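Before anything else, here's the structure in question.
Just so you know, ligand 1 is whichever comes first in the structure, and atom 1 is the first atom listed for that ligand. Hydrogens, waters and symmetry mates play no part in the numbers below; they use all other heavy atoms, side chains included. All values reported here derive from a predicted model rather than from experimental measurement.
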Amino acid sequence: MKVFLATAVFSLLLVALAQQPTEAPTGFDNQTNGFVDQATHASDQAAFEAVLQIPEGLGPLYNAQACRECHQNPTSGGQSQITELRVGHLDAAGHFQNPEIPIADGAEIIKGRSLVNDRAICPNASFPNTQIQERVPDSEKVRTLRTSLNLLGDGFVEAIADQTLIDLARDQCKKSKRKICGQVLYVPILEAPGKIGVGRFGWKDQHASLLSFAGDAYLNEMGITNKLFPTEVTLLCNTVREPNDVPGPNGLEHIDQFARFIRATEAPARDAEAAKTTSAQVGEEFFNKIGCATCHVATLATAPAGTVIDGGTLTIPAALGSKTIHPWGDFLLHDVGTGDGIVMAVTEHYGRTFRSEQWRSFSIVDLGSTQNKIRTAPLWGVRLRSRLMHDGASLTFRDAILRHQGEAAHVTREFTKMKPQEQEELFDFLRSL
Ligand code: HEC
Ligand code: HEC
């Protein structure tokens with residue numbers, strides 16, 4: 001009996017030790033984090049970088065020819081200054097409505113999305129007389145730009161348990177005496193019809209799954225229809241059969257490769273030299289003390305290996321399980337006074353056949369309440385970003401901080417009370433991230 005007990009206690013201890021979070025690998029060196037082997041990661045990266053043409057399904061409406069065109073700085077999967085245009089208008093009752101954008105001289109109206117594509121494949125040799133360029137009509141008065149986000153390390157973000165984010169929202173609200181209460185938004189997992197998860201990707205937390213996001217991006221950024229988004233935005237000038245994204249020789253579709261590529265990336269690495277300076281360290285203390293860290297949370301841990309996420313479609317492997325990451329973000333939605341007034345377009349992000357009855361626990365009311373909220377921008381890798389905030393309109397750290405109002409107003413006030421020297425130390429900390 002004693003031996004049995006001792007063995008049981010010992011194995012429990014082993015399990016506990018195995019689940020002690022360890023640091024997630026970081027770097028901008030295109031190495032796999034262990035989710036797949038290096039050769040597989042390199043071939044997935046090649047798919048992410050591949051420049052597509054019309055015979056492969058590009059367009060009819062699109063923004064760019066490769067994922068890498070927007071996710072590239074300092075390496076494939078990083079962020080960039082490339083912005084996208086989103087518009088809409090308010091109806092008579094003051095509710096946000098998606099835009100109606102006439103194309104082909106009014107022959108067709110594009111609806112159901114707030115995104116406006118900046119490029120189109122025609123007129124071309126096959127359709128010399130059809131021009132389908134989207135142009136914003138005067139009526140669409142709500143307008144914003146949104147910059148391209150970093151994807152490096154997002155496999156770890158996907159592996160954070162929903163409950164961790166739910167608890168974080170509750171704790172920050174309690175600790176800040178209800179001044180700062182991040183919103184958790186449940187969103188559909190498209191590859192698991194009927195299942196939802198806590199949104200964490202995109203400026204509006206529109207997706208919880210990287211595969212769902214990849215399907216969304218492939219259609220809406222590049223015009224490539226796929227198993228999750230099988231319907232073209234317009235059939236004008238369209239020549240390639242749907243879905244455009246078909247399994248390759250390896251049996252995988254591109255969106256599977258994109259999701260696997262992102263899942264296997266290392267998290268952004270800090271500037272080790274800058275992080276060692278006294279100035280950055282003092283700056284970090286101010287960052288924590290004045291309340292930046294309430295939303296820009298330094299450390300989060302992923303769920304243990306073996307946990308099933310994304311509506312039952314993904315089991316977290318050892319490479320992603322029980323890892324500590326430093327995103328300096330909470331992945332929750334906040335109103336910091338910068339909100340762009342745009343409610344996420346359900347058809348655009350969840351597909352033409354999306355019916356909310358199928359996702360009974362998905363709430364359109366919750367969605368509406370995010371109109372003026374933005375996800376806390378994770379600050380990992382922020383030293384490499386030249387234009388800040390969702391619209392890229394803030395060019396310096398000072399400008400970005402001073403724009404924080406709403407839930408962050410009292411924190412911004414503390415910042416304005418800091419001595420110039422102390423503010424510089426805070427910036428030195430940001431320059432080390
Ligand atoms: C024309 C530029 C552009 C292209 C091309 C593009 N993206 Fe993006 N991507 C963006 C922008 C802008 C955002 C932020 C969108 C938003 O939330 O409004 C984004 C966000 C993302 C995110 C969310 C990241 C996070 O941490 O929140 C993922 C994942 C992503 N893109 C994957 C892809 C994949 C995969 C492709 C290729 C199929 C792709 N993107 C192509 C511009 C682009
Ligand atoms: C209430 C939550 C909250 C607090 C407190 C907060 N932030 Fe933010 N922060 C955000 C949100 C939300 C965004 C994105 C806003 C947008 O893009 O419109 C953001 C964006 C930023 C950005 C831009 C990053 C990028 O990639 O574009 C920086 C830099 C930043 N915050 C630094 C700080 C600092 C420094 C403090 C403390 C003085 C602070 N924040 C306090 C929520 C917060």
Protein contact to atom 33 (C) of ligand 2 [nearest heavy atom, distance to 0.1 Å]: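 Ranking protein heavy atoms by distance from atom 33 (C) of ligand 2, first comes His296 NE2, 3.5 Å.
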Where ligand 2 meets Val411 - atom numbers and elements under 4.0 angstrom, heavy-atom basis: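 Contacts of ligand 2 toward Val411, numbered from 1: 5 (C), 37 (C), 38 (C).
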Nearest-contact summary for atom 42 (C) of ligand 1 - protein heavy atom, Å: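 In this structure, atom 42 (C) of ligand 1 has Glu84 OE2, 3.1 Å as its nearest protein heavy atom.
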Distance filter under 4.0 Å to Gly291 heavy atoms, resulting ligand 2 atoms: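 Once the distances to Gly291 are compared, the set is 5 (C).
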Ligand 2 atoms in contact with Trp203 (distance to a heavy atom under 4.0 Å):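 Checking each atom against Trp203, I get 17 (O).
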Numbered atoms of ligand 1 (with element) below 4.0 Å of Cys70, judged on heavy atoms: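 In order of numbering, the contacting atoms are 1 (C), 2 (C), 3 (C), 4 (C), 5 (C), 42 (C), 43 (C).
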Ionic contact status for Glu424 with Arg431, cut-off 4.0 Å: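 Glu424 and Arg431: salt-bridged.
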Electrostatic pair Arg135:Glu140 at N-O distance under 4.0 angstrom: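 A salt bridge is absent here (no side-chain N lies under 4.0 Å from a carboxylate O).
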Nearest protein heavy atom with distance in Å, relative to atom 26 (O) of ligand 2: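 Among all protein heavy atoms, the one nearest atom 26 (O) of ligand 2 is Arg385 NE, 2.6 Å.
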For ligand 1, the portion of Leu151 having any non-hydrogen atom under 4.0 Å away: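 Leu151 to ligand 1: side-chain contact only, backbone stays beyond 4.0 Å.
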Test item, Leu379 contacting ligand 2 (heavy atom, 4.0 angstrom):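 Yes, that is the case, since the closest heavy atom of the residue is under 4.0 Å from the ligand.
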Nearest-neighbour protein heavy atom for atom 11 (C) of ligand 1, which is reported as residue plus atom name and distance: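 Protein heavy atom at minimum distance: Ser148 CA, 3.6 Å.
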Aromatic centroids of Tyr218 and Phe229 separated by under 6.0 Å: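 No.
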Proximal atoms of ligand 1 relative to Phe201 (non-hydrogen, under 4.0 Å):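 Once the distances to Phe201 are compared, the set is 25 (C), 26 (O), 27 (O).
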Residue Thr338 vicinity, atoms of ligand 2 by number, heavy atom under 4.0 Å: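 The list of qualifying atoms is 15 (C), 16 (C), 18 (O).
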Value rounded to 0.5 Å, distance of CZ in Arg398 from CG in Leu430: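 Those atoms lie 11.5 Å apart.
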Distance-only N or O hit between ligand 1 and Asn63, under 3.5 Å: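 N/O-N/O distance under 3.5 Å: no.
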Heteroatom N/O/S of His71 within less than 2.8 Å of atom 8 (Fe) of ligand 1: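 Coordinating: yes.
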Reported CZ-to-CD distance for the pair Phe261 and Glu49, which is rounded to 0.5 angstrom: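 Between atom CZ of Phe261 and atom CD of Glu49 there are 7.0 Å.
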Greater than 12 external heavy atoms within 6.0 Å of Tyr186's OH: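 For Tyr186, atom OH is not crowded (no more than 12 foreign heavy atoms under 6.0 Å).
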Option of least heavy-atom distance to atom 25 (C) of ligand 1 (set: Leu115, Asp118, Asp154):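 Checking each option, the heavy atom nearest atom 25 (C) of ligand 1 is found in Asp154.
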Ionic contact status for Lys204 with Asp340, cut-off 4.0 Å: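 Yes, this pair counts.
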Atom of Ser322, atom of Pro304 and distance for their closest heavy-atom approach: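 Scanning both residues, the minimum pair turns out to be OG-CA, 3.3 Å.
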Pick from Arg375, Arg403, Met418: the one approaching atom 14 (C) of ligand 2 most closely through a non-hydrogen atom: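 That would be Arg375.
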Atoms of ligand 1, numbered as shown, that sit under 4.0 Å from any heavy atom of Phe258: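 Atoms satisfying the 4.0 Å criterion: 35 (C), 38 (C).
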Polar proximity ligand 2 side, Thr376 side, N/O cut 3.5 Å exclusive: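 No, Thr376 has no N/O under 3.5 Å of an N/O on ligand 2.
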Proximal atoms of ligand 2 relative to Ile290 (non-hydrogen, under 4.0 Å):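 Here the atoms of ligand 2 in question are 38 (C).
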Within-shell test, Asn150 vs ligand 1, heavy atom, strictly < 4.0 Å: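 It does, in that a heavy atom of Asn150 comes within the 4.0 Å cut-off of ligand 1.
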Contact with ligand 1 for Ala259, non-hydrogen, under 4.0 angstrom: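 False for this residue.
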Phe362-Phe354 aromatic ring centre distance below 6.0 Å: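 Aromatic pair counts; centres sit under 6.0 Å.
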Carboxylate-amine/guanidinium contact Asp330 Arg200, below 4.0 Å: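 No, Asp330 and Arg200 are not salt-bridged.
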Shortest protein contact, atom 27 (O) of ligand 2 (heavy atom only):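 Here the nearest protein heavy atom works out to Met389 N, 2.6 Å.
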Check: Tyr350 ring centroid to His207 ring centroid under 6.0 Å: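 Yes; His207 has its ring centre under 6.0 Å from that of Tyr350.
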Numbered atoms and elements of ligand 2 in range of Leu388, under 4.0 angstrom, heavy atoms: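 Those qualifying, in numeric order: 25 (C), 27 (O).
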Gly202: numbered ligand 1 atoms lying under 4.0 Å from its heavy atoms: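 Matching atoms, with element in brackets: 17 (O), 23 (C), 25 (C), 27 (O).
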Residues, nucleotides or ligands: over 12 heavy atoms within 6.0 Å of Arg387 CZ: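 Incorrect, the count does not exceed 12.
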Contact check, side chains of Leu388 and Leu395, non-hydrogen atoms, under 4.5 Å: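 Leu388 vs Leu395: side chains apart.
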Nearest neighbour of atom 38 (C) of ligand 2 from the list Ala400, Cys292, Ala408, Gly406, on a heavy-atom basis: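 Among Ala400, Cys292, Ala408, Gly406, the closest heavy atom to atom 38 (C) of ligand 2 comes from Cys292.
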Contact with ligand 1 for Glu69, non-hydrogen, under 4.0 angstrom: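 The answer is no: ligand 1 sits nowhere under 4.0 Å from a heavy atom of Glu69.
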Nearest-0.5 Å distance, CD of residue Gln133 to SG of residue Cys122: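 Those atoms lie 9.5 Å apart.
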Neighbour count >12 (heavy atoms, 6.0 Å) for atom NZ, Lys227: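 Check passes, neighbour count above 12.
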Nitrogen or oxygen of Tyr218 less than 3.5 angstrom from that of ligand 1: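 No, Tyr218 has no N/O under 3.5 Å of an N/O on ligand 1.
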Nearest protein heavy atom with distance in Å, relative to atom 16 (C) of ligand 2: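 Going by distance alone, atom 16 (C) of ligand 2 is nearest to His390 ND1, 3.3 Å.
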Pairing of Arg403 and Asp391 as salt bridge, 4.0 angstrom limit: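 Asp391 and Arg403: salt-bridged.
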Contact check: Ala377 vs ligand 2, nitrogen or oxygen atoms, below 3.5 angstrom: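 Such a contact does not occur with ligand 2.
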Enumerated ligand 1 atoms positioned under 4.0 Å from heavy atoms of Ala217: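 Answer, ordered by atom number: 33 (C), 34 (C), 36 (C), 39 (C), 40 (N).
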Atoms in ligand 1 flagged as close to Ala66, the criterion being non-hydrogen separation under 4.0 Å: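 Counting from 1, the qualifying ligand atoms are 5 (C).
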For Arg146, the ligand 1 atoms whose distance to one of its heavy atoms is below 4.0 Å: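 That gives atoms 12 (C), 16 (C), 18 (O) of ligand 1.
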Nearest-0.5 Å distance that lies between atom CZ in Arg68 and atom OG1 in Thr75: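 Output value for this atom pair is 9.5 Å.
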Nearest-contact summary for atom 4 (C) of ligand 2 - protein heavy atom, Å: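 The protein heavy atom lying closest is Cys295 SG, 3.4 Å.
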Heavy-atom gap Gln206 to ligand 1 smaller than 4.0 Å: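 Checking ligand 1 against Gln206, which is what was asked, there is a heavy-atom contact under 4.0 Å.
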Lys/Arg N to Asp/Glu carboxylate O, Lys323 vs Glu23, below 4.0 Å: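 No, Lys323 and Glu23 are not salt-bridged.
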Pick from His404, Arg413, Gln405, Gln423: the one approaching atom 9 (N) of ligand 2 most closely through a non-hydrogen atom: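 Going through His404, Arg413, Gln405, Gln423 one by one, His404 has the nearest heavy atom to atom 9 (N) of ligand 2.
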Between SG on residue Cys237 and CD1 on residue Ile54, distance to nearest 0.5 Å: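 Going from SG on Cys237 over to CD1 on Ile54, the span is 8.5 Å.
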Side-chain ion pair, Asp335 and Arg375, N-O less than 4.0 Å: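 No, no charged N to carboxylate O under 4.0 Å.
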Within-shell test, Arg86 vs ligand 1, heavy atom, strictly < 4.0 Å: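 For ligand 1, residue contact (heavy atoms, under 4.0 Å) with Arg86 is present.
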